[in-house]
Each structure stands twice: as C-alpha cells, then as structure tokens.
Amino acid sequence: MLVLAACMSRPSRTAVAVSADQARAVRVALHLGVSRVALSATGQWRLGDTSGESTLMRGGDAWIVQRDGANVRATRADGSTLPIRSGPLFARPESGESFLTVDGKRYRGDIVVLVRDTGVAVVNRLPIESYLRGVVPLEIGNRSPEERAAVQAQAVAARSFTYSRLRDPSAAYDLRASTLDQVYGGVDVERALSDEAIASTRGLVLMYGARPVGAPYFSSCGGRTAAASEVWRSPDEPHLVSVSDTNPITGRSYCEDAPRAIWNRAFDRPELTRVLERYLSSYVALPAGGPGAVRSVEVDGTTSSGRVRAVIVSSDRGRYVLRGNDMRFVLRAPGGEILPSTYFSLDAVTAPDGRVSRVTLRGRGNGHGVGMCQWGAIGRARAGQDFRAILRTYYPGTSVDALQR
C-alpha cells in the first residue's frame with residue numbers, strides 16, 4: 001500500500017501539461033544508486049547508447065552493468081566487455097513478445113541505466129497503461145470479483161497520481177517504484193482482475209474543474225480521512241479534505257476489516273532513546289550531543305479529523321516538536337517500521353527519577369490518511385458501490401473523465 005514519505009512533495013496544484021510522448025510513457029526508477037545490475041531478457045534483446053539508436057550488443061545473453069568511474073561498463077558472464085560509455089545504456093527487447101529482466105524480474109518497455117555518484121540508476125520506461133498493470137495489484141492487493149469496483153477505483157487513482165508526477169523530459173525519472181511514490185513490480189505481479197480493471201477504465205483520470213489532479217491514497221483511515229494540511233506542510237486542496245468513512249447503515253467504518261484497523265505501539269525508555277537518537281535529527285534541530293534524556297512525551301492537540309496535530313518531546317537538553325506526518329518517521333518500531341498513522345492516543349508513564357519510563361500509543365488506521373482509503377474502497381465495493389461513487393466520496397468535487405491530451 002502507498003505510504004508517502006514525509007519529505008514527499010504535496011499533490012500538484014497546477015494543471016498537468018501532457019505532451020503526446022508523456023501521455024504514452026512514464027519513467028520509473030527501479031533502483032537509484034546500486035553498485036551493479038544484471039540485465040537480460042526472455043527473448044532476443046539489444047543494448048545500445050545514444051538514446052538506444054546505436055546498438056552495442058544484440059543477442060540473448062545476460063550482462064552485468066556497473067559504474068566505472070564516471071562511465072558505465074557492461075560485462076558478460078564469460079568476461080567479455082562492451083566499450084565503456086559515458087552516457088546511459090538503453091536495453092530493448094527485439095520483439096513485443098519478449099520482456100527485459102532486471103536482476104531476474106521481468107519488465108515491459110525499455111530499461112535505461114545511468115551513472116550516479118553512488119553507483120548506477122535503473123529506470124524502466126514504458127506506456128502508462130502497462131505501468132499500471134504492475135502497480136494496481138500491489139497497491140490494492142489480490143481482490144475477489146465482488147471487490148472489482150475497488151480495483152477500478154485504484155486504477156483511476158493510480159493513473160491520476162502518475163500523470164501528476166510526470167516531470168520534464170530532461171529529468172532522469174518520473175516516479176520511484178516504491179512506497180515513496182507507487183509500489184511497482186513489473187510483469188511478475190500482474191493479475192487478471194487488475195488488468196481488467198485497468199482496461200475498463202483506460203485513460204480515465206480524476207478531474208477537478210478542467211484539470212487532472214493528483215490522487216494520493218493509503219491503506220486504511222480508521223473511520224475518517226484527513227485533509228492534506230493535517231498531514232503535510234501544505235494548504236488544503238479542494239478535493240483533499242476530511243471525509244467520513246462510516247457506513248450509515250451499520251454505523252461502522254467501511255475499512256474495519258483492514259489488517260491495522262486497530263494497533264498499539266509501546267516504547268520503554270531504552271527503545272525511546274534509541275529511536276529519538278537515530279531519527280529525530282532528520283526533522284528537528286538538535287543540540288550537540290543529541291536529544292538528551294527524555295523527560296516527557298505528550299500530544300499537543302488534535303486536528304479536525306481527530307489525528308494528532310503534534311507530539312512534543314521534552315528532555316534535559318530541549319523541547320522538540322514533531323508535526324503531522326513527521327512523527328510517523330521518528331516514532332519507529334525497533335526494526336525501522338514507521339508509525340502506522342497519526343490517528344492515536346498517547347499514554348506516558350513517568351518514573352520516580354522524573355524521566356519518562358514508558359510510552360504507549362493506541363491507534364487506528366494505516367497510512368497518511370489523505371485521499372482514498374483503500375480498505376474503505378474495498379468495503380464500499382462489497383456494499384455495492386461502483387468505482388465512480390467510491391472516487392467521488394474520497395475526492396469530493398472531482399469527476400472521472402478521459403484525459404484531454
């Protein structure tokens with residue numbers, strides 16, 4: 001499920017200008033800064049440079065591509081190498097029936113390998129509708145036919161999100177293949193139901209007035225979604241406001257079947273000290289020597305949707321305020337997992353020495369909370385709502401229309 005990072009830019013407020021080329025293709029960063037990558041294909045393929053116009057290799061063998069100083073070097077299993085190149089390398093299948101593979105995973109379209117300071121970047125360039133086939137099943141999960149409308153809603157939301165992230169052609173990529181944008185797994189994750197949902201909504205995006213809009217989404221809301229300003233450092237978008245996700249007939253949340261409809265997270269003193277020392281400095285300024293011994297942790301108000309507005313951490317060295325989505329990236333589990341949501345209550349126990357000894361969070365929902373609640377969409381589909389009704393609920397004031405190019 002999509003979980004937007006705290007540093008992610010907010011949805012675009014401007015109309016999306018889509019050229020003919022952009023309308024057909026998207027560039028997805030599979031890796032950014034890996035030491036090496038194995039390229040091959042399920043059939044014949046070729047490797048070239050200069051935008052793929054100059055062919056360096058044609059065949060069916062696997063090649064290892066890695067950085068060589070400021071250049072790119074490709075080596076075959078038998079040790080033979082291609083001429084070192086300063087520019088990107090472009091891999092393309094020789095027929096429409098073949099797929100390129102990156103470290104054994106199959107992808108549609110082309111692969112571009114570029115040099116970066118930390119290694120090589122690997123970018124998959126392919127038609128947007130083909131890209132969605134590797135996104136929708138990972139984002140909404142393997143659903144049943146009765147939940148088809150939720151999968152269609154996911155397809156439209158993911159398509160809208162994709163168009164809102166198309167960058168200038170000079171940029172290296174448009175989106176990342178992870179929760180930082182949309183989770184993307186290529187050919188190996190494609191499923192019949194999601195393929196049908198994408199095909200049946202082909203070209204449809206969310207429009208507000210005359211412009212297509214970004215459509216963020218997340219796993220579960222806990223009963224009410226959040227406005228954009230509650231989570232991100234941005235003004236509200238007219239289509240990204242807080243909406244109720246309560247079924248008027250049952251009085252229960254449509255997303256009550258979500259895996260994390262209810263959750264708890266607890267920190268003892270050593271655990272709290274470790275997470276603050278590791279993650280706090282990315283979001284607030286700390287004094288030399290670190291955050292210090294924690295005296296208290298408390299909630300500083302709630303938002304209109306009931307989420308925590310800010311968490312205040314006080315120590316013997318200062319007072320630190322975590323606002324909105326930032327707190328999710330600081331109050332992590334020991335394994336590094338971010339806090340499921342900002343929809344929680346907080347209990348802190350103070351020891352006789354005046355320092356906090358234990359903090360317990362009891363929460364609802366999973367994700368940033370803005371836009372479409374995916375488990376809510378599943379619940380609404382089960383209740384008989386179609387994908388247009390689902391999208392109108394989570395993105396008020398929008399319409400579902402074909403993108404005008």
Would you please name every residue forming a salt bridge (charged side-chain N to carboxylate O under 4.0 Å, His left out) with Asp117, sequence neighbours left out? none
Show me the side-chain donor-acceptor pairs of residues 274-282 shorter than 3.5 Å, one per line, residues at least two apart or across chains.
none

Steps toward side chain to side chain contact (heavy atoms under 4.5 Å, CB included) verdict (Val313, Val321): CA-CA 6 Å; Val313 179; Val321 181; over 6 Å; no
Suppose we screen for side chain to side chain donor-acceptor pair (under 3.5 Å). Which residues come up paired with Ser86, at least two apart in sequence or across chains? none
Return all side-chain donor-acceptor pairs below 3.5 angstrom for residues 385-392, not counting sequence neighbours, or 'none' if the list is empty.
| residue | atom | partner | partner atom | Å |
| --- | --- | --- | --- | --- |
| Asp386 | OD1 | Arg388 | N | 3.2 |
| Asp386 | OD1 | Ala389 | N | 2.8 |
| Arg388 | NH1 | Val400 | O | 3.1 |

May I ask you to say whether Glu190 pairs ionically with Arg108, meaning some side-chain N is under 4.0 Å from a carboxylate O? yes
Would you say CZ of Arg85 has more than 12 non-hydrogen atoms from neighbouring residues, nucleotides or ligands within 6.0 angstrom? yes
For residues Asn124 and Tyr173, is any side-chain donor paired with an opposing acceptor at under 3.5 Å? no
If you apply the rule side chain to side chain contact (heavy atoms under 4.5 Å, CB included), what do you find for Phe267 with Thr360, and how did you get there? CA-CA 6 Å; Phe267 302 89; Thr360 302; over 6 Å; no
Mind checking whether Thr250 and Arg252 have side chains closer than 4.5 Å, heavy atoms only? yes
I'd like to know if Glu337 pairs up with Arg265 as an ion pair, taking the criterion as any Lys NZ or Arg NE/NH1/NH2 lying under 4.0 Å from an Asp or Glu carboxylate oxygen. yes
Mind checking salt bridge (charged side-chain N to carboxylate O under 4.0 Å, His left out) for Arg58 and listing every partner two or more places apart, or none if nothing turns up? Glu94
Carboxylate-amine/guanidinium proximity below 4.0 Å for Asp188 and Lys105: no
For the pair Tyr131 and Leu175, evaluate side chain to side chain contact (heavy atoms under 4.5 Å, CB included) and give the outcome as yes or no after the intermediate values. CA-CA 11 Å; Tyr131 161 67; Leu175 303 101; 3.9 Å; yes
So salt bridge (charged side-chain N to carboxylate O under 4.0 Å, His left out) across residues 146-159, not counting sequence neighbours, yields Glu129-Arg159, Arg143-Glu147, Glu147-Arg382, Arg148-Glu196
Could you note down all residue pairs passing salt bridge (charged side-chain N to carboxylate O under 4.0 Å, His left out) where residues 355-370 supplies at least one of them, sequence neighbours left out? Asp347-Arg362
Can you tell me how far CD of Gln374 sits from CD1 of Ile140, rounded to the nearest 0.5 angstrom? 5.0 Å
Restricting to salt bridge (charged side-chain N to carboxylate O under 4.0 Å, His left out), what partner residues turn up for Arg36, sequence neighbours left out? none
So do Ser80 and Trp63 actually touch side chain to side chain, heavy atoms under 4.5 Å? yes
Partners passing side chain to side chain donor-acceptor pair (under 3.5 Å) against Thr162 (at least two apart in sequence or in another chain): Gln182
All pairs passing salt bridge (charged side-chain N to carboxylate O under 4.0 Å, His left out) where residues 294-308 contributes a residue, at least two apart: none
I need the Tyr395 OH to Leu240 CG distance, nearest 0.5 Å. 7.5 Å
dist Ile262:CD1 -> Glu256:CD (nearest 0.5 Å) comes out at 10.0 Å
Under 4.5 Å between any side-chain heavy atoms of Phe99 and Tyr107, yes or no? no
Taking side chain to side chain contact (heavy atoms under 4.5 Å, CB included) as the criterion, tell me which of Ile111, Leu114, Val113 meets it with Pro88. Leu114
Distance col, row Thr393:OG1 vs Tyr254:OH, nearest 0.5 angstrom, shows 8.0 Å
Can you name the salt bridge (charged side-chain N to carboxylate O under 4.0 Å, His left out) partners of Arg269, sequence neighbours left out? Asp353
Once rounded to the nearest 0.5 Å, what's the spacing between atom CZ of Arg46 and atom CG of Leu100? 10.5 Å
Rounded distance [0.5 Å steps], CZ in Arg133 versus CD1 in Ile198: 7.0 Å
What I want to find out is whether Arg27 reaches Asp174 closely enough, with some N-O distance under 4.0 Å, to be called a salt bridge. yes
Flag for Arg224-Ser305: side-chain donor and acceptor within less than 3.5 Å: no
Who passes side chain to side chain donor-acceptor pair (under 3.5 Å) against Asn247, sequence neighbours left out? none
